[in-house]
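Model, not experiment: these values are computed from the prediction. So that the names make sense, note that chain A is the first sequence line, chain B the second, and so on, each numbered from 1.
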Amino acid sequence: MNFWLFKTEPDDCSIDDLAAAGGTGLPWDGIRNYQARNFLRDEVQEGDRVLIYHSSCAQVGLAGIARVIRGSYVDPDQFDPNSSYYDSKATADNPRWYCVDIAFTHKFSRVIRLAELKNRPELASMVLLRQGRLSVQPVSSQEWGVITKLAGTVS
DNA sequence: GCCAACGTTGGC
DNA sequence: GCCAACGTTGGC
């Protein structure tokens, strides 16, 4: 069982949207970055836990927790010319992009702000703080522990 | 809206 | 394979 952080713009899909989707969860699709794709395709597995990060919004930071309920499968949007995630170079025989399904588990009682994460020496090595522009990234079990403690959540 | 930091593309 | 030009992410 591994830990991850997924970024999302809450205007697009927020922790509340995930909660509204219930146990069926939502496909985490539209990832079009190779490094993120490789994590999704090769490493993210059913049962893994996911921190939900809200980006490009008023309250940037960690909003809650989800669980992977379906491991990697081919992202169908890449074949749909009407989708903004369409990729003309992807074929059924040779798909480029993958997604997973996740379901809501927990919403933090407050957003743990990016600034707060930056202030924590224990979190200095978080991928989030060291590398920009990566929307799917690993989280260590130690970092997970620090963060859930900050959130006042045991999960 | 600005802009820094990165990723991708494409000419050579 | 290098690297300049360009596009995107994402905090502020």
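Sorted by first then second residue, the ring pair (Phe, Tyr, Trp, His ring centres under 6.0 Å) pairs that include residues 9-31 of chain A, not counting sequence neighbours, are Phe6(A)-Trp28(A).
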Donor-acceptor list for residues 115-129 of chain A side chains, cut-off 3.5 Å, not counting sequence neighbours:
from, atom 1, to, atom 2, distance (Å)
Glu116(A), OE1, Arg110(A), NH1, 2.9
Glu116(A), OE2, Arg110(A), NH2, 3.2
Asn119(A), ND2, Ala115(A), O, 3.4

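Partners of Asn33(A) by side chain to side chain contact (heavy atoms under 4.5 Å, CB included), not counting sequence neighbours, listed by chain and number: Gln35(A), Ala36(A), Leu134(A). Arg96(A) pairs by the side-chain hydrogen bond (donor to acceptor under 3.5 Å, both in side chains) definition with Tyr34(A), Asp87(A), not counting sequence neighbours.
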Q. Base, backbone or nothing for each nucleotide of nucleotides 3-10 of chain C, written B, S, -, heavy atoms under 4.0 angstrom, 5' to 3'?
A. ----BBBB
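With DNA chain B read from its 5' end, the first of the two nearest nucleotides for Gln131(A) and Lys89(A) is the one closest to Gln131(A).
Phe79(A) belongs to a hydrophobic cluster whose remaining members, ordered by chain and number, are Val74(A), Tyr98(A); membership requires side-chain heavy atoms of ILVMFWY residues under 4.5 Å apart, directly or through intermediates.
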